[in-house]
Amino acid sequence: MAILVTGGLGFVGSHFVWAASRVGREVVVLDDGSAGTDPPMPAGVTTIRGDIGDKALVRDLLRRASVDAIVHFAGKIQVGESVTNPALYLDVNLVRALALLDCAREASVLRMVFSSTAAVYGEPEVVPIVEDAPKRPVNAYGASKLAFEYALEAYGKAYGLKWAALRYFNAAGAQEDGLLREMHEPETHLIPLVIDAALGRRPPLTLFGTDYPTRDGTCERDYIHVSDLVSAHLRAIALLEQGRDVGPLNLGTGRGSTVREVIDAASRILGKPVPFNVGARRAGDPSALVASPARAEQVLGWRAVRSDLPTLIEDALRSRR
Ligand code: UFG
C-alpha cells in the first residue's frame with residue numbers, strides 16, 4: 001500500500017520522500033510545483049503534478065495508487081505573505097486541504113499526517129510551549145493551519161480518521177549527503193540567509209530587532225533538523241497504521257537559540273564573519289518560540305538527535321556548497 005505525499009517536492013516533503021523510500025515504503029507524490037523547487041526523487045517514486053483541491057484528480061489517484069495513508073505537506077508557508085494575502089492562505093491551506101481530506105474520506109483512506117506549525121500558538125504566554133497552550137494565531141498562516149487541525153479532529157470523531165498534526169518549530173538543516181537542501185523562493189529563513197550572506201552570495205543579513213525580552217535582545221527559536229522531523233513523521237504513520245490516535249504534537253528540541261547565537265555559530269563554522277546590519281523588528285515575530293517536545297517524545301518514542309546548532313548549520317552548509 002502506498003503513502004500519498006502532498007508537497008513532496010518541497011523542503012520537508014522531499015526529505016520525507018527519501019526517508020520513506022529508504023525504509024521500503026511505496027510513495028506517490030502530488031505537488032503543483034508552486035514552490036519552484038525540483039529536487040531529485042528516488043527511483044520508483046511517481047510524481048503527479050497537480051492541485052490538492054482538484055477532486056477528480058485526487059479521487060483517481062487514491063483509487064489507482066491504492067493509497068492507505070496521506071502525509072500532507074503541501075501548503076503556503078510565508079508568515080508575512082499570509083498577512084497581506086490571507087485569501088490565498090485560507091484557500092490553499094484550508095479550502096483545498098478540505099477537498100483533499102474529503103476525497104480521502106470518500107475513498108476510506110483514514111490515516112493522515114499533517115504538517116502543522118508553531119504559528120498556531122501566536123505569542124505564547126509560557127515557554128516551553130505545550131500542546132494544550134492557548135492557540136491564538138496572529139496571522140492567517142497560523143489560523144489556516146489551526147483550522148485544518150480542527151477539521152482533522154472532527155473527521156476523527158465522525159468518520160474514524162486517525163490523524164497526527166505535527167507542529168513544526170523552526171525546520172532547518174538538510175539531508176546528510178547534501179543531495180537535498182532547504183530552498184524557498186523567495187528565501188526568508190534565517191539559516192540559509194546567514195550562510196549565503198557569509199559566502200557572499202547575498203547581501204548582508206538584516207537582523208530583525210535587538211530589543212526583545214530575551215537573553216541577548218534577539219528572537220529565540222527552536223531549530224529542528226529536517227531529518228528529525230522526518231523520523232517523527234515515519235513514527236507517526238506507524239502508530240496510525242496500528243490503529244492508534246496521535247493528535248497534535250510539537251516537534252522541537254526544548255532548547256532555543258537566539259538570532260545572534262545562530263550568527264555566531266555560523267561564523268565559527270565558516271571561519272569568517274557573517275555580515276549583518278541591525279534592522280527594525282519584523283511584524284508578527286514572537287520574541288521566543290520554544291517547544292516542549294515532551295508529548296512527542298512520549299507518544300512517538302522519538303527525540304531530536306541532529307538538531308544541535310552546529311550540526312544544523314554544518315548540514316545546511318554542505319547542501320549549499
Ligand atoms: N530573521 C532575521 N533576519 C532575516 C530572517 C530572519 O533576523 O533575514 C530572524 C527572525 O526575525 C526570527 C528568526 O530569524 O526571529 C527566525 O526567522 P525565520 O524566518 O527563519 O523563521 P520564523 O521563526 O519566522 O518562522 C518559522 C517558520 C514558519 C512558522 C514560524 C512559527 O518558518 O513557518 O516559525 O511562528 F510559522
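Values below: all heavy atoms of this structure, side chains included; hydrogens, waters and symmetry mates excluded. Every number for a ligand or one of its atoms is a count from 1 in the order of the listing.
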List the steps, then state whether side-chain contact (heavy atoms from CB on, under 4.5 Å) holds for Val71 with Val27.
-> CA-CA 10 Å; Val71 186; Val27 173; over 6 Å; no

Verdict with supporting geometry, Asp51 and Leu57, side-chain contact (heavy atoms from CB on, under 4.5 Å) | CA-CA 8 Å; Asp51 186 331; Leu57 172 78; 5.6 Å; no

For side-chain contact (heavy atoms from CB on, under 4.5 Å), just list the numbers for Leu166 and Leu229, CA-CA rounded to whole Å, side-chain angles, deciding distance to a tenth of an Å, and then say yes or no.
-> CA-CA 9 Å; Leu166 303 182; Leu229 291 180; over 6 Å; no

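With respect to atom 35 (O) of ligand 1, the closest heavy atom belonging to the protein is Leu289 CD1, 3.2 Å. The protein non-hydrogen atom at the shortest distance from atom 32 (O) of ligand 1 is His189 NE2, 2.8 Å. In this structure, the protein non-hydrogen atom closest to atom 33 (O) of ligand 1 is Tyr141 OH, 3.4 Å. For atom 7 (O) of ligand 1, the closest non-hydrogen atom on the protein side is Phe208 N, 2.9 Å. At the top of the distance list for atom 24 (O) of ligand 1, counting protein heavy atoms only, stands Arg282 NH2, 2.7 Å. Closest to atom 34 (O) of ligand 1, if we only count protein heavy atoms, is Asn170 OD1, 3.6 Å. The shortest contact between atom 3 (N) of ligand 1 and any protein heavy atom is with Thr206 O, 2.7 Å. In terms of protein heavy-atom proximity, atom 30 (C) of ligand 1 is nearest to Thr117 OG1, 4.4 Å.
Formation of a donor-acceptor pair under 3.5 Å by the Asp31 side chain with backbone atoms of Leu9 is found in this model. The backbone N or O of Asp211 lies less than 3.5 Å from a partner atom in the side chain of Arg281, making a donor-acceptor pair.
Short contacts between ligand 1 and Leu207, defined as distances under 4.0 Å to a heavy atom of the residue, involve ligand atoms 7 (O). Atoms of ligand 1 found under 4.0 Å from any heavy atom of Tyr223, numbered from 1 in the order shown, are 13 (C), 16 (C). Close approach to Cys219 involves these atoms of ligand 1, each under 4.0 Å from a residue heavy atom: 15 (O). Per-residue contacts place Thr188 under 4.0 angstrom from the following atoms of ligand 1 (heavy atoms of the residue considered): 5 (C), 19 (O).
The closest side-chain donor-acceptor pair between Glu149 and Ser116 falls under 3.5 angstrom.
Contact annotation for Leu205 and ligand 1: only side-chain heavy atoms (C-beta onward) come within less than 4.0 Å of the ligand. When non-hydrogen atoms are compared, ligand 1 lies under 4.0 Å from the side chain of Val259 (C-beta onward) but not from its backbone.
Pairs passing the ring-ring contact (aromatic ring centres under 6.0 Å, His included) check and including a residue from residues 238-293, sequence neighbours excluded, do not occur.
The cationic group of Arg282 does not satisfy the cation-pi geometry with Phe208, failing either the under 6.0 Å distance to the six-membered ring centre or the 45° limit from the ring axis.
Annotation: Leu190 places an N or O atom under 3.5 Å from an N or O atom of ligand 1; distance criterion only.
Ligand 1 has no atom lying under 4.0 Å from any heavy atom of Phe276.
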Sequence neighbours left out, cut at 3.5 Å: what donor-acceptor pairs do the side chains of residues 85-93 make with other protein atoms?
from: Asn85; atom 1: OD1; to: Leu88; atom 2: N; distance (Å): 3.4
from: Tyr89; atom 1: OH; to: Gln78; atom 2: N; distance (Å): 3.0
from: Tyr89; atom 1: OH; to: Gln78; atom 2: O; distance (Å): 3.1
from: Tyr89; atom 1: OH; to: Glu81; atom 2: OE1; distance (Å): 2.4
from: Asp91; atom 1: OD1; to: Arg96; atom 2: NE; distance (Å): 3.4
from: Asp91; atom 1: OD2; to: Arg96; atom 2: NE; distance (Å): 3.0
from: Asp91; atom 1: OD2; to: Arg96; atom 2: NH2; distance (Å): 2.9
from: Asn93; atom 1: OD1; to: Lys76; atom 2: N; distance (Å): 2.8
from: Asn93; atom 1: ND2; to: Lys76; atom 2: O; distance (Å): 3.1
from: Asn93; atom 1: ND2; to: Ser144; atom 2: OG; distance (Å): 3.2

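The ring pair (Phe, Tyr, Trp, His ring centres under 6.0 Å) test with His233 is passed by exactly one of Phe114, Tyr168, Trp302: Tyr168.
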